[in-house]
Amino acid sequence: MAFSLPLLLLLGGCWDRVELNDLALITALAFDEAENHQVRATVQFVLPQNLAGGGTSGGGATGGGPAKRTATRSQTGIDITDAISKLQREISREMFWGQCRIFIFSESVARAGIQKHLDFLIRFPESRERAYIFVSQGEAAPMLELSPLLENSSAQVLRKLADLQIGIRVTLQQLSLMINGDSRAAVVPMIHILPQTKSPEPFQTIPFLMGSAVFQKDKMVGVISERTTRGVMWLRNEIREYTVVFASEGSEGRVSLKPVKASVKLIPKIEGSTWKMTVRVNTEGDIIQNETLLDPMNPRLLAVMKREFEADVRKRIESAVYEVQRKHKTDIFEFAKVFHRKYPGQWEKMKDRWEVQFPKVQVYTEVEARIPRPGLISAPEGVPKEEVKKK
């Protein structure tokens, strides 16, 4: 026993621990422009006293509605580091960034350039490389002030929407790699505020994904629509089980397929001074709704549906290629990386002129589609048998 006493004296214990009650849990950070070329940082943090009651009324709620589970604070600074240091003076607890998985750039900040902000986020030891990045339509701070009904915060709404992969999904690490990659371009999901329904509570709505922001190097240069974003996702091989609806030739009505799965391969080829890219798509989907008079159990008519399915996918891809190459002239498809991998010698000669070469790349689309499960019934539901086209 006497020998163990000196060892006990050497133990430091937990003298430097930080209790959870001494921390302010940051869930999101928004970047906005301020006067005199400054930046305004807005943080969203958890209100623990309201979470303890499961979000029931009380804790500052009005009208007997649900208590707000988060709060926001904003400060301006010369740069984001300066703004965050000023924020700490207004928050009584030490800011903890381990739960911050959402970073939002306002459209004005994105167009001015995000390199210095991105440099901070990459270097900041407490930021998470797998945090999701968004660009807001208009200012970013209002996105953090919303009060969703289903989730604890607007940050949690954005995280779950990103996890569903219903649109482009970009993390901090991926954005850094894209901007510093061969293409020097990136595509980032854009968020808007869902129009509010009739409600006694202000800001009781959510942010939602709609379209994407196109970046050339660190600056936003344009916006693509939701439909074009879908085409971009096909080209980037990021399609994860969604619905395709198309019209079928020779019959009124539409056919809906779900879930649609796809595998996309980019095949580069250089012939002389001509650079070509073949987009080879293998996709399949099950018929979930048939509004036409066609009988999908008939092999010939099922083949017609298959061709229409292929045509619809091809049109989505070609439309996205046309808009991005002609209008934005920015390689968000990452063609550069594919050419670099197969033709390193030619790429070294072209890399400094890729912004000029990319719009000239000839893109060819090959689509092979399958409808493995046309349905368990031999006729469209609700259509008299004598009207169903079987031949």
Side-chain angles (χ1 to χ4, degrees), residues 24-47 68 70-97 99-128 131-147 153-155 157-159 170 172 175-176 179 186 188-194 202-203 205-223:
L25 303 182
I26 307 299
T27 56
L29 171 63
F31 299 77
D32 285 297
E33 281 191 331
E35 295 180 354
N36 300 321
H37 305 289
Q38 292 190 322
V39 60
R40 184 169 78 252
T42 303
V43 293
Q44 182 186 83
F45 56 92
V46 174
L47 295 176
K68 194 170 183 180
T70 58
T72 61
R73 289 289 185 274
S74 298
Q75 260 296 353
T76 60
I78 299 173
D79 56 22
I80 192 65
T81 307
D82 184 38
I84 289 177
S85 66
K86 291 178 180 178
L87 274 171
Q88 184 62 81
R89 302 173 193 171
E90 300 181 0
I91 299 176
S92 59
R93 300 183 179 187
E94 180 184 348
M95 291 190 291
F96 177 74
W97 296 87
Q99 299 298 318
C100 184
R101 296 189 60 184
I102 301 295
F103 298 120
I104 306 174
F105 297 109
S106 70
E107 188 171 345
S108 58
V109 167
R111 289 188 181 277
I114 62 171
Q115 184 60 55
K116 58 183 179 181
H117 306 310
L118 195 61
D119 182 68
F120 163 78
L121 293 176
I122 294 295
R123 294 177 186 273
F124 188 45
E126 296 184 59
S127 64
R128 303 180 62 170
Y132 295 128
I133 304 293
F134 300 91
V135 173
S136 67
Q137 183 191 43
E139 292 192 340
M143 300 292 174
L144 304 184
E145 298 171 0
L146 306 178
S147 301
S153 66
S154 56
V157 170
L158 289 172
R159 180 177 62 81
V170 176
L172 173 60
L175 179 60
S176 177
I179 288 178
V188 177
M190 288 203 71
I191 54 175
H192 306 245
I193 295 178
L194 189 68
F203 307 112
T205 183
I206 63 170
F208 74 105
L209 307 180
M210 178 63 71
S212 302
V214 176
F215 281 77
Q216 180 64 53
K217 297 180 181 178
D218 71 317
K219 294 184 178 180
M220 176 179 168
V221 295
V223 177

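For the numbers below, each heavy atom of this structure counts, side chains included, while hydrogens, waters and symmetry mates do not.
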| Under 3.5 Å: donor-acceptor pair, side chain of Asp218, backbone of Gly113 | no
| field | Sub-4.5 Å side-chain heavy-atom contact between Phe103 and Leu121 | value | yes
| request: List the atom of Thr76, the atom of Ala83, and the distance in Å for their closest heavy-atom pair. | output: C-CB, 3.9 Å
| Could you state the interatomic distance from NZ (Lys219) to CZ (Arg111), rounded to the nearest 0.5 Å? | 12.0 Å
| note | Tightest non-hydrogen contact, residues Ile114 and Ala110, listed as CG2-CA, 3.8 Å
| request: Would you mind reporting whether Ile179 and Gln115 have side-chain heavy atoms less than 4.5 Å apart? | output: yes
| query | Quick one: OG on Ser153 to CG on Leu25, what's the gap to the nearest 0.5 Å? | reply | 11.5 Å
| field | Leu209 side chain near Ile191 side chain, heavy-atom distance below 4.5 Å | value | yes
| Taking C-beta and beyond as the side chain, do Pro189 and Val170 meet within less than 4.5 Å on heavy atoms? | yes
| field | Inter-residue atom distance His37.NE2 - Glu35.CD, 0.5 Å rounding | value | 11.0 Å
| remark: Smallest heavy-atom separation, Pro142 atom then Ile193 atom, equals CB-CD1, 4.2 Å
| request: Answer yes or no: is there a side-chain heavy-atom contact under 4.5 Å between Phe215 and Val135? | output: yes
| For Ile78 and Asp82, which heavy atoms make the closest approach, and how far apart are they? | N-OD2, 3.0 Å
| request: Hey, can you tell me if Phe134 and Tyr132 have their rings parallel, tilted or perpendicular (30° and 60° cut-offs)? | output: perpendicular
| field | Separation between CE of Met95 and CD1 of Ile26, rounded to the nearest 0.5 Å | value | 5.5 Å
| Counting N and O atoms only, with roles assigned by atom type, does the side chain of Gln88 sit under 3.5 Å from a partner on the main chain of Arg93, one being a donor and the other an acceptor? | yes
| said: Classify the ring geometry of His192 against Phe208: parallel below 30°, tilted from 30° to 60°, perpendicular beyond 60°. | reply: tilted
| request: Compare every heavy atom of Leu144 with every heavy atom of Thr72, then report the nearest pair and how far apart it is. | output: CG2-O, 3.3 Å
| task | Please examine the side chains of Ile206 and Leu158, heavy atoms only from C-beta on, and report whether any two atoms are closer than 4.5 Å. | result | no
| request: Please lay out, stage by stage, how Arg159 and Ile102 fare under the test side chain to side chain contact (heavy atoms under 4.5 Å, CB included). | output: CA-CA 7 Å; Arg159 180 177 62 81; Ile102 301 295; 4.2 Å; yes
| Hey, what do you get for CG (Asp32) to CD (Gln38), rounding to the nearest 0.5 Å? | 13.5 Å
| message | Check Lys86 with Glu90, please: is the shortest side-chain N to carboxylate O separation under 4.0 Å? | response | no
| side-chain hydrogen bond (donor to acceptor under 3.5 Å, both in side chains) partners of Ser136, counting only residues at least two apart | none
| said: What I'd like to find out is whether the side chain of Ser74 reaches to under 4.5 Å of the side chain of Arg40, using heavy atoms alone. | reply: yes
| message | Could you report the tightest heavy-atom contact between Met190 and Ala213, atom names first, then the distance? | response | CG-N, 3.5 Å
| task | For the pair Asp79 (side chain) and Thr81 (backbone), establish whether a donor and an acceptor sit closer than 3.5 Å, ignoring hydrogens and angles. | result | yes
| note | Interatomic distance, CG@Leu118 vs CD1@Ile80, rounded to 0.5 Å, equals 12.5 Å
| Verdict with reasoning, Ile84 to Trp97, per side chain to side chain contact (heavy atoms under 4.5 Å, CB included) | CA-CA 12 Å; Ile84 289 177; Trp97 296 87; 3.9 Å; yes
| note | Residue set satisfying ring-ring contact (aromatic ring centres under 6.0 Å, His included) with Phe31, at least two apart, ordered chain then number -> Phe105, His117
| request: Report yes if the side chains of Val157 and Leu146 come closer than 4.5 Å at any heavy-atom pair, otherwise no. | output: no
| From Gln44, Arg101, Gln99, residue fulfilling side chain to side chain donor-acceptor pair (under 3.5 Å) relative to Thr27 | Gln44
